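Step one of this worksheet: look at the structure below.
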Amino acid sequence: MSKFIPLSIPNFEGNERKYVDDAIEQGWVSTGGAYITKLEEEMAKFLHTDNVCACQSGTSALHLSLIEAGVLPGDVVLVPPLTFIAAVNPVKYQFATPVFIDCDDSFCLDPQKLRTFCENECEFIGGVLYFNKMPVKAVIVVHVFGNLADMVAIMDIAKKYNLKVIEDSTEALGTRYTEGPLAGKFAGTIGDFGAFSFNGNKIITTGGGGAVTANDSAVVDHIRYLSTQAKNDVHYYIHNEVGYNYRMTNLQAALGVAQMEELPEFIERKRRNYDLYEKLFDGFELAKLVPFRSGTYSNKWFYSLEINRDRVSASMREIITSLEAVGVQTRAIWGLINEQIPYLEDTTYKIEKAPYYAERILNIPSSTQITEEEICYVAQKVKEVLEGFDNE
Ligand SMILES: *Cc1c(COP(=O)(O)O)cnc(C)c1O
(Lines give C-alpha, C1' and ligand atoms only; values in the text may rest on other atoms or scores of the structure.)
Protein backbone atom coordinates (compact mmCIF):
# COMPACT_ATOMS: atom_id res chain seq x y z
CA MET A 1 0.00 0.00 0.00
CA SER A 2 1.55 3.26 -1.03
CA LYS A 3 1.42 6.16 1.38
CA PHE A 4 -0.36 9.42 0.62
CA ILE A 5 -0.65 12.22 3.16
CA PRO A 6 -2.81 15.02 1.76
CA LEU A 7 -2.14 18.68 2.42
CA SER A 8 -5.56 19.64 3.77
CA ILE A 9 -8.80 17.73 3.37
CA PRO A 10 -12.26 18.18 4.86
CA ASN A 11 -13.32 16.31 7.98
CA PHE A 12 -16.90 15.03 8.30
CA GLU A 13 -16.88 13.14 11.59
CA GLY A 14 -19.95 14.82 13.04
CA ASN A 15 -23.60 15.41 12.17
CA GLU A 16 -23.02 16.38 8.53
CA ARG A 17 -24.99 13.53 6.95
CA LYS A 18 -27.81 13.78 9.47
CA TYR A 19 -28.39 17.50 8.87
CA VAL A 20 -28.03 17.33 5.08
CA ASP A 21 -30.51 14.41 5.01
CA ASP A 22 -32.85 16.46 7.16
CA ALA A 23 -32.64 19.45 4.80
CA ILE A 24 -33.42 17.18 1.84
CA GLU A 25 -36.23 15.49 3.75
CA GLN A 26 -37.80 18.88 4.45
CA GLY A 27 -37.37 19.98 0.85
CA TRP A 28 -35.53 23.13 1.90
CA VAL A 29 -32.44 22.92 -0.26
CA SER A 30 -32.11 26.39 -1.73
CA THR A 31 -31.62 29.93 -0.38
CA GLY A 32 -34.26 29.64 2.33
CA GLY A 33 -34.41 27.36 5.35
CA ALA A 34 -33.73 27.02 9.05
CA TYR A 35 -30.12 25.83 8.72
CA ILE A 36 -29.07 29.13 7.16
CA THR A 37 -30.41 31.12 10.10
CA LYS A 38 -28.99 28.57 12.54
CA LEU A 39 -25.53 28.79 10.99
CA GLU A 40 -25.64 32.59 11.14
CA GLU A 41 -26.65 32.48 14.80
CA GLU A 42 -23.98 29.94 15.71
CA MET A 43 -21.29 31.97 13.99
CA ALA A 44 -22.41 35.20 15.65
CA LYS A 45 -22.31 33.49 19.03
CA PHE A 46 -18.89 31.98 18.38
CA LEU A 47 -17.40 35.28 17.16
CA HIS A 48 -19.08 37.38 19.87
CA THR A 49 -20.68 39.55 17.21
CA ASP A 50 -24.30 40.61 16.66
CA ASN A 51 -25.07 39.68 13.13
CA VAL A 52 -23.62 37.38 10.45
CA CYS A 53 -24.82 36.87 6.87
CA ALA A 54 -24.15 33.47 5.27
CA CYS A 55 -23.35 33.64 1.58
CA GLN A 56 -22.14 31.65 -1.44
CA SER A 57 -18.40 32.00 -0.98
CA GLY A 58 -15.65 33.94 0.69
CA THR A 59 -15.28 35.83 -2.57
CA SER A 60 -18.93 36.98 -2.52
CA ALA A 61 -18.51 37.92 1.17
CA LEU A 62 -15.58 40.15 0.18
CA HIS A 63 -17.46 41.60 -2.80
CA LEU A 64 -20.48 42.48 -0.65
CA SER A 65 -18.14 44.09 1.90
CA LEU A 66 -16.59 46.31 -0.77
CA ILE A 67 -20.02 47.32 -2.09
CA GLU A 68 -21.16 48.17 1.42
CA ALA A 69 -17.92 50.08 2.07
CA GLY A 70 -18.95 52.32 -0.81
CA VAL A 71 -16.09 51.33 -3.11
CA LEU A 72 -16.90 52.72 -6.56
CA PRO A 73 -15.19 52.84 -9.95
CA GLY A 74 -12.12 55.09 -9.71
CA ASP A 75 -11.59 54.52 -5.98
CA VAL A 76 -8.40 53.02 -4.62
CA VAL A 77 -8.32 49.95 -2.36
CA LEU A 78 -5.09 48.93 -0.63
CA VAL A 79 -4.45 45.19 -0.99
CA PRO A 80 -1.84 42.49 -0.25
CA PRO A 81 0.43 40.94 -2.90
CA LEU A 82 1.01 37.60 -1.13
CA THR A 83 -2.29 35.80 -0.68
CA PHE A 84 -4.99 33.98 -2.61
CA ILE A 85 -6.14 36.11 -5.55
CA ALA A 86 -9.81 35.98 -4.42
CA ALA A 87 -8.91 38.58 -1.79
CA VAL A 88 -8.18 41.12 -4.52
CA ASN A 89 -10.42 40.22 -7.49
CA PRO A 90 -13.54 41.85 -5.96
CA VAL A 91 -11.73 45.20 -6.18
CA LYS A 92 -11.77 44.74 -9.95
CA TYR A 93 -15.44 43.67 -9.88
CA GLN A 94 -16.13 47.20 -8.58
CA PHE A 95 -13.88 48.74 -11.27
CA ALA A 96 -11.78 50.17 -8.47
CA THR A 97 -7.98 50.39 -8.48
CA PRO A 98 -5.89 48.13 -6.26
CA VAL A 99 -2.57 49.35 -4.83
CA PHE A 100 -0.37 46.55 -3.49
CA ILE A 101 1.32 47.11 -0.11
CA ASP A 102 3.97 44.66 1.12
CA CYS A 103 3.56 42.11 3.91
CA ASP A 104 5.61 41.79 7.10
CA ASP A 105 7.11 38.60 8.58
CA SER A 106 3.63 37.34 9.51
CA PHE A 107 2.84 37.33 5.72
CA CYS A 108 0.07 39.84 6.58
CA LEU A 109 -0.09 43.56 5.70
CA ASP A 110 2.92 45.52 7.00
CA PRO A 111 1.49 48.41 9.07
CA GLN A 112 4.75 50.37 8.76
CA LYS A 113 4.54 50.39 4.99
CA LEU A 114 0.81 51.10 5.12
CA ARG A 115 1.59 54.17 7.22
CA THR A 116 4.42 55.50 5.07
CA PHE A 117 2.33 54.92 1.93
CA CYS A 118 -0.49 57.05 3.38
CA GLU A 119 1.91 59.69 4.71
CA ASN A 120 4.33 60.01 1.81
CA GLU A 121 2.50 58.90 -1.33
CA CYS A 122 -0.97 60.33 -0.66
CA GLU A 123 -2.66 63.62 0.18
CA PHE A 124 -5.18 63.94 3.00
CA ILE A 125 -7.67 66.66 2.10
CA GLY A 126 -10.99 67.36 3.82
CA GLY A 127 -11.00 63.98 5.56
CA VAL A 128 -10.34 62.05 2.35
CA LEU A 129 -7.07 60.34 1.45
CA TYR A 130 -6.11 60.72 -2.22
CA PHE A 131 -3.61 58.72 -4.23
CA ASN A 132 -2.97 60.24 -7.68
CA LYS A 133 -6.20 62.25 -7.19
CA MET A 134 -8.20 59.04 -6.62
CA PRO A 135 -9.93 58.60 -3.23
CA VAL A 136 -8.48 55.77 -1.15
CA LYS A 137 -11.58 54.14 0.33
CA ALA A 138 -10.57 50.91 1.97
CA VAL A 139 -7.86 48.45 2.90
CA ILE A 140 -8.19 44.67 2.63
CA VAL A 141 -6.28 42.93 5.41
CA VAL A 142 -5.78 39.16 5.05
CA HIS A 143 -5.10 37.06 8.14
CA VAL A 144 -2.84 34.71 6.23
CA PHE A 145 -2.86 31.01 7.21
CA GLY A 146 -4.76 31.80 10.43
CA ASN A 147 -2.20 34.30 11.66
CA LEU A 148 -3.52 37.68 12.82
CA ALA A 149 -2.35 40.81 11.06
CA ASP A 150 -1.14 43.58 13.38
CA MET A 151 -4.65 44.97 13.80
CA VAL A 152 -3.76 47.38 16.61
CA ALA A 153 -1.44 49.34 14.32
CA ILE A 154 -3.60 48.90 11.21
CA MET A 155 -6.79 50.16 12.91
CA ASP A 156 -4.90 53.20 14.16
CA ILE A 157 -3.79 54.13 10.64
CA ALA A 158 -7.22 53.40 9.16
CA LYS A 159 -8.87 55.66 11.72
CA LYS A 160 -6.45 58.49 11.01
CA TYR A 161 -7.13 58.38 7.26
CA ASN A 162 -10.82 57.37 7.25
CA LEU A 163 -10.20 54.04 5.56
CA LYS A 164 -12.73 51.23 5.79
CA VAL A 165 -11.06 48.02 6.99
CA ILE A 166 -12.15 44.77 5.39
CA GLU A 167 -10.71 41.75 7.17
CA ASP A 168 -10.29 38.76 4.91
CA SER A 169 -10.64 36.20 7.69
CA THR A 170 -11.29 33.34 5.30
CA GLU A 171 -8.31 31.46 6.74
CA ALA A 172 -8.64 32.65 10.33
CA LEU A 173 -12.00 31.52 11.71
CA GLY A 174 -11.47 31.23 15.46
CA THR A 175 -8.22 33.19 15.65
CA ARG A 176 -8.30 35.90 18.30
CA TYR A 177 -6.25 38.27 20.39
CA THR A 178 -5.46 37.16 23.94
CA GLU A 179 -3.38 40.19 24.96
CA GLY A 180 -3.26 43.93 24.37
CA PRO A 181 -6.03 46.43 23.65
CA LEU A 182 -7.87 43.96 21.39
CA ALA A 183 -7.76 41.02 23.84
CA GLY A 184 -10.77 38.74 23.30
CA LYS A 185 -11.49 40.10 19.80
CA PHE A 186 -11.77 37.57 16.97
CA ALA A 187 -10.30 37.96 13.48
CA GLY A 188 -13.09 39.42 11.35
CA THR A 189 -14.70 41.42 14.17
CA ILE A 190 -12.09 44.16 14.56
CA GLY A 191 -12.40 46.14 11.32
CA ASP A 192 -15.56 47.38 9.59
CA PHE A 193 -16.15 44.07 7.80
CA GLY A 194 -15.04 40.47 8.25
CA ALA A 195 -15.28 37.86 5.48
CA PHE A 196 -15.12 34.09 6.03
CA SER A 197 -14.90 31.14 3.64
CA PHE A 198 -16.15 27.57 3.90
CA ASN A 199 -14.42 26.28 0.81
CA GLY A 200 -13.27 22.64 0.97
CA ASN A 201 -9.75 23.38 2.21
CA LYS A 202 -10.72 25.83 4.97
CA ILE A 203 -10.94 24.92 8.68
CA ILE A 204 -14.67 24.21 8.29
CA THR A 205 -16.42 23.65 4.99
CA THR A 206 -19.86 23.78 3.42
CA GLY A 207 -18.50 22.54 0.07
CA GLY A 208 -18.52 26.12 -1.11
CA GLY A 209 -19.73 28.96 1.04
CA GLY A 210 -18.85 31.97 3.10
CA ALA A 211 -20.08 34.50 5.59
CA VAL A 212 -19.73 38.16 6.30
CA THR A 213 -20.02 40.23 9.44
CA ALA A 214 -19.73 43.96 10.10
CA ASN A 215 -19.31 46.16 13.14
CA ASP A 216 -22.75 47.66 12.38
CA SER A 217 -25.57 45.12 12.58
CA ALA A 218 -27.80 47.16 10.24
CA VAL A 219 -25.08 46.92 7.60
CA VAL A 220 -25.17 43.12 7.83
CA ASP A 221 -28.94 43.25 7.32
CA HIS A 222 -28.40 45.30 4.18
CA ILE A 223 -25.74 42.84 2.97
CA ARG A 224 -28.27 40.03 3.46
CA TYR A 225 -30.78 42.04 1.41
CA LEU A 226 -28.28 42.56 -1.40
CA SER A 227 -27.35 38.85 -1.32
CA THR A 228 -30.95 37.82 -2.04
CA GLN A 229 -31.45 39.90 -5.21
CA ALA A 230 -32.42 42.97 -3.13
CA LYS A 231 -35.93 41.68 -2.76
CA ASN A 232 -38.10 44.21 -0.91
CA ASP A 233 -41.28 42.23 -1.21
CA VAL A 234 -41.18 38.46 -1.43
CA HIS A 235 -44.60 38.06 -2.99
CA TYR A 236 -44.79 40.93 -5.46
CA TYR A 237 -41.18 41.09 -6.65
CA ILE A 238 -40.30 44.63 -5.70
CA HIS A 239 -36.56 45.39 -5.92
CA ASN A 240 -35.30 48.81 -4.88
CA GLU A 241 -31.62 48.14 -5.60
CA VAL A 242 -29.48 45.98 -7.85
CA GLY A 243 -29.00 42.75 -5.92
CA TYR A 244 -26.93 39.60 -6.24
CA ASN A 245 -27.55 35.87 -6.09
CA TYR A 246 -25.02 35.48 -3.27
CA ARG A 247 -27.06 33.81 -0.54
CA MET A 248 -25.93 30.51 0.96
CA THR A 249 -28.22 27.52 0.37
CA ASN A 250 -29.85 25.51 3.14
CA LEU A 251 -27.99 22.39 1.95
CA GLN A 252 -24.66 24.14 2.39
CA ALA A 253 -25.77 25.55 5.73
CA ALA A 254 -26.78 22.07 6.97
CA LEU A 255 -23.16 21.04 6.47
CA GLY A 256 -22.03 24.27 8.07
CA VAL A 257 -24.07 23.81 11.25
CA ALA A 258 -22.52 20.36 11.74
CA GLN A 259 -19.04 21.76 11.06
CA MET A 260 -19.52 24.60 13.55
CA GLU A 261 -20.20 21.98 16.23
CA GLU A 262 -16.75 20.52 15.54
CA LEU A 263 -14.83 23.76 15.06
CA PRO A 264 -13.39 23.96 18.61
CA GLU A 265 -12.14 20.37 18.28
CA PHE A 266 -10.66 21.10 14.83
CA ILE A 267 -8.78 24.11 16.22
CA GLU A 268 -7.44 22.06 19.12
CA ARG A 269 -6.15 19.39 16.76
CA LYS A 270 -4.55 21.98 14.44
CA ARG A 271 -2.77 23.50 17.42
CA ARG A 272 -1.66 20.15 18.87
CA ASN A 273 -0.34 18.99 15.50
CA TYR A 274 1.51 22.26 15.03
CA ASP A 275 3.21 21.73 18.40
CA LEU A 276 4.36 18.29 17.33
CA TYR A 277 5.80 19.62 14.06
CA GLU A 278 7.52 22.35 16.07
CA LYS A 279 9.25 19.76 18.23
CA LEU A 280 10.25 17.68 15.21
CA PHE A 281 11.74 20.62 13.29
CA ASP A 282 13.41 22.16 16.33
CA GLY A 283 17.12 22.65 15.58
CA PHE A 284 16.78 21.61 11.91
CA GLU A 285 19.08 23.90 9.96
CA LEU A 286 17.60 23.65 6.47
CA ALA A 287 14.08 24.81 7.32
CA LYS A 288 12.19 26.26 10.25
CA LEU A 289 8.54 26.20 11.17
CA VAL A 290 7.09 29.71 10.96
CA PRO A 291 5.56 30.89 14.26
CA PHE A 292 2.20 32.62 14.76
CA ARG A 293 1.91 36.11 16.27
CA SER A 294 2.47 36.23 20.02
CA GLY A 295 -0.38 37.55 22.15
CA THR A 296 -2.89 35.71 19.97
CA TYR A 297 -4.68 32.37 19.96
CA SER A 298 -4.47 31.21 16.35
CA ASN A 299 -6.55 28.51 14.67
CA LYS A 300 -3.21 27.42 13.11
CA TRP A 301 -5.04 26.51 9.92
CA PHE A 302 -1.95 26.10 7.71
CA TYR A 303 1.66 25.34 8.65
CA SER A 304 4.57 26.99 6.88
CA LEU A 305 8.17 25.91 6.68
CA GLU A 306 10.69 28.58 5.74
CA ILE A 307 13.45 27.01 3.68
CA ASN A 308 17.00 28.14 4.37
CA ARG A 309 18.06 29.46 0.95
CA ASP A 310 21.72 29.76 2.03
CA ARG A 311 21.79 25.99 2.11
CA VAL A 312 19.02 24.78 -0.22
CA SER A 313 18.86 26.24 -3.72
CA ALA A 314 16.54 23.62 -5.27
CA SER A 315 13.37 25.12 -6.77
CA MET A 316 10.03 24.77 -5.00
CA ARG A 317 8.93 22.56 -7.85
CA GLU A 318 11.84 20.16 -7.27
CA ILE A 319 11.16 20.03 -3.54
CA ILE A 320 7.41 19.51 -3.95
CA THR A 321 7.88 16.81 -6.62
CA SER A 322 10.41 14.94 -4.46
CA LEU A 323 8.02 14.93 -1.52
CA GLU A 324 5.13 13.86 -3.72
CA ALA A 325 7.17 10.82 -4.76
CA VAL A 326 7.24 9.67 -1.12
CA GLY A 327 3.54 10.34 -0.56
CA VAL A 328 3.72 13.74 1.12
CA GLN A 329 1.58 16.45 -0.46
CA THR A 330 2.95 19.96 0.00
CA ARG A 331 2.54 23.26 -1.82
CA ALA A 332 4.28 26.53 -2.43
CA ILE A 333 2.85 29.77 -1.10
CA TRP A 334 0.99 31.75 -3.79
CA GLY A 335 2.39 33.47 -6.85
CA LEU A 336 2.38 37.22 -6.19
CA ILE A 337 -0.94 38.77 -7.24
CA ASN A 338 0.74 41.90 -8.62
CA GLU A 339 2.62 39.63 -11.04
CA GLN A 340 -0.55 38.03 -12.45
CA ILE A 341 -1.64 39.24 -15.90
CA PRO A 342 -4.77 41.21 -14.83
CA TYR A 343 -2.70 43.16 -12.26
CA LEU A 344 0.51 43.93 -14.13
CA GLU A 345 -0.42 47.59 -14.67
CA ASP A 346 -1.32 48.25 -11.04
CA THR A 347 0.77 50.17 -8.53
CA THR A 348 2.96 48.37 -5.99
CA TYR A 349 4.51 49.90 -2.89
CA LYS A 350 7.76 48.59 -1.45
CA ILE A 351 7.15 44.94 -2.31
CA GLU A 352 10.21 43.27 -0.73
CA LYS A 353 9.13 40.67 1.81
CA ALA A 354 6.44 39.13 -0.43
CA PRO A 355 8.87 37.86 -3.13
CA TYR A 356 11.33 36.85 -0.39
CA TYR A 357 8.77 34.56 1.21
CA ALA A 358 7.31 33.45 -2.12
CA GLU A 359 10.48 31.48 -2.82
CA ARG A 360 10.99 30.18 0.70
CA ILE A 361 7.65 29.02 2.09
CA LEU A 362 6.51 25.43 1.82
CA ASN A 363 3.13 24.43 3.29
CA ILE A 364 3.07 20.97 4.86
CA PRO A 365 0.13 18.63 5.62
CA SER A 366 -2.28 20.08 8.18
CA SER A 367 -5.57 18.14 7.91
CA THR A 368 -7.38 17.70 11.22
CA GLN A 369 -7.39 13.89 10.81
CA ILE A 370 -3.63 13.55 10.35
CA THR A 371 -2.13 11.14 12.91
CA GLU A 372 0.99 11.65 15.05
CA GLU A 373 2.66 8.87 13.16
CA GLU A 374 1.93 10.61 9.85
CA ILE A 375 3.28 13.90 11.19
CA CYS A 376 6.52 12.14 12.16
CA TYR A 377 6.66 10.60 8.69
CA VAL A 378 6.15 14.00 7.03
CA ALA A 379 8.88 15.62 9.13
CA GLN A 380 11.29 12.79 8.40
CA LYS A 381 10.66 12.90 4.64
CA VAL A 382 10.90 16.71 4.49
CA LYS A 383 14.24 16.50 6.27
CA GLU A 384 15.52 13.76 3.98
CA VAL A 385 14.49 15.62 0.83
CA LEU A 386 16.01 18.93 1.96
CA GLU A 387 19.20 17.20 3.13
CA GLY A 388 19.43 15.69 -0.35
CA PHE A 389 19.45 19.25 -1.74
CA ASP A 390 21.86 20.64 0.89
CA ASN A 391 24.64 22.67 -0.78
CA GLU A 392 27.09 22.03 2.06
C1 LIG B 1 -10.23 30.85 0.35
C2 LIG B 1 -9.87 32.28 0.29
C3 LIG B 1 -10.73 33.24 -0.29
C4 LIG B 1 -11.95 32.92 -1.08
O5 LIG B 1 -12.87 32.10 -0.53
P6 LIG B 1 -13.86 31.28 -1.49
O7 LIG B 1 -14.86 30.74 -0.51
O8 LIG B 1 -13.06 30.22 -2.15
O9 LIG B 1 -14.47 32.23 -2.45
C10 LIG B 1 -10.36 34.57 -0.21
N11 LIG B 1 -9.23 34.95 0.36
C12 LIG B 1 -8.37 34.07 0.90
C13 LIG B 1 -7.13 34.58 1.56
C14 LIG B 1 -8.66 32.71 0.87
O15 LIG B 1 -7.78 31.84 1.39
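Every number for a ligand or one of its atoms is a count from 1 in the order of the listing. All values reported here derive from a predicted model rather than from experimental measurement.
Considering backbone and side-chain atoms together, Gly58 places an N or O closer than 3.5 Å to an N or O of ligand 1. Considering backbone and side-chain N/O of Ser197, one or more are found under 3.5 Å from N/O of ligand 1. Considering backbone and side-chain N/O atoms, Trp334 never comes within less than 3.5 Å of an N/O atom of ligand 1.
The atoms of ligand 1 that sit less than 4.0 Å from any heavy atom of Thr170 are 2 (C), 3 (C), 10 (C), 11 (N), 12 (C), 13 (C), 14 (C), 15 (O). Short contacts between ligand 1 and Thr83, defined as distances under 4.0 Å to a heavy atom of the residue, involve ligand atoms 13 (C). Close contacts of ligand 1 with Val142, meaning ligand atoms under 4.0 Å from a residue heavy atom, involve 13 (C). Applying the 4.0 Å criterion to heavy atoms of Ala86 picks out, from ligand 1, the atoms 3 (C), 4 (C), 10 (C). Residue Gly209 approaches ligand 1 through these ligand atoms, each under 4.0 Å from one of its heavy atoms: 7 (O).
Side-chain rings of Phe145 and Trp334 approach one another, their centers coming within less than 6.0 Å.
At the shortest separation from atom 15 (O) of ligand 1 among protein heavy atoms lies Glu171 OE2, 2.5 Å. Remark: minimum distance from atom 2 (C) of ligand 1 to any protein heavy atom is reached at Lys202 NZ, 3.0 Å. Ranking protein heavy atoms by distance to atom 9 (O) of ligand 1, first place goes to Thr59 OG1, 2.5 Å. When only non-hydrogen protein atoms are considered, atom 11 (N) of ligand 1 lies nearest to Asp168 OD2, 2.7 Å.
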Item to check | Chi angles and distances behind the salt bridge (charged side-chain N to carboxylate O under 4.0 Å, His left out) call for Lys381, Glu384 | outcome: CA-CA 5 Å; Lys381 290 299 161 189; Glu384 282 173 19; 3.3 Å; yes
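Within 6.0 Å of the CD atom in Glu352, the count of heavy atoms belonging to other residues, nucleotides or ligands exceeds 12.
With 3.5 Å as the limit, one finds a donor-acceptor pair spanning the side chains of Asp221 and Asn51. Checking Glu167 against His143 by side-chain atom types alone, a donor-acceptor pair falls below 3.5 Å. In the model, Thr249 has no side-chain atom that pairs as donor or acceptor with a side-chain atom of Thr31 under 3.5 Å.
For the pair Val212/Val220, no side-chain contact is recorded, criterion being any heavy-atom separation below 4.5 Å from C-beta on.
Taking the six-membered ring where the residue is Trp, Tyr357 and Phe107 present perpendicular rings, their angle passing 60° and hence far from 30°. Between Phe281 and Phe284, the two ring planes are tilted [angle within 30° to 60°].
Residue contact check for ligand 1: Ala195 places no non-hydrogen atom closer than 4.0 Å to it.
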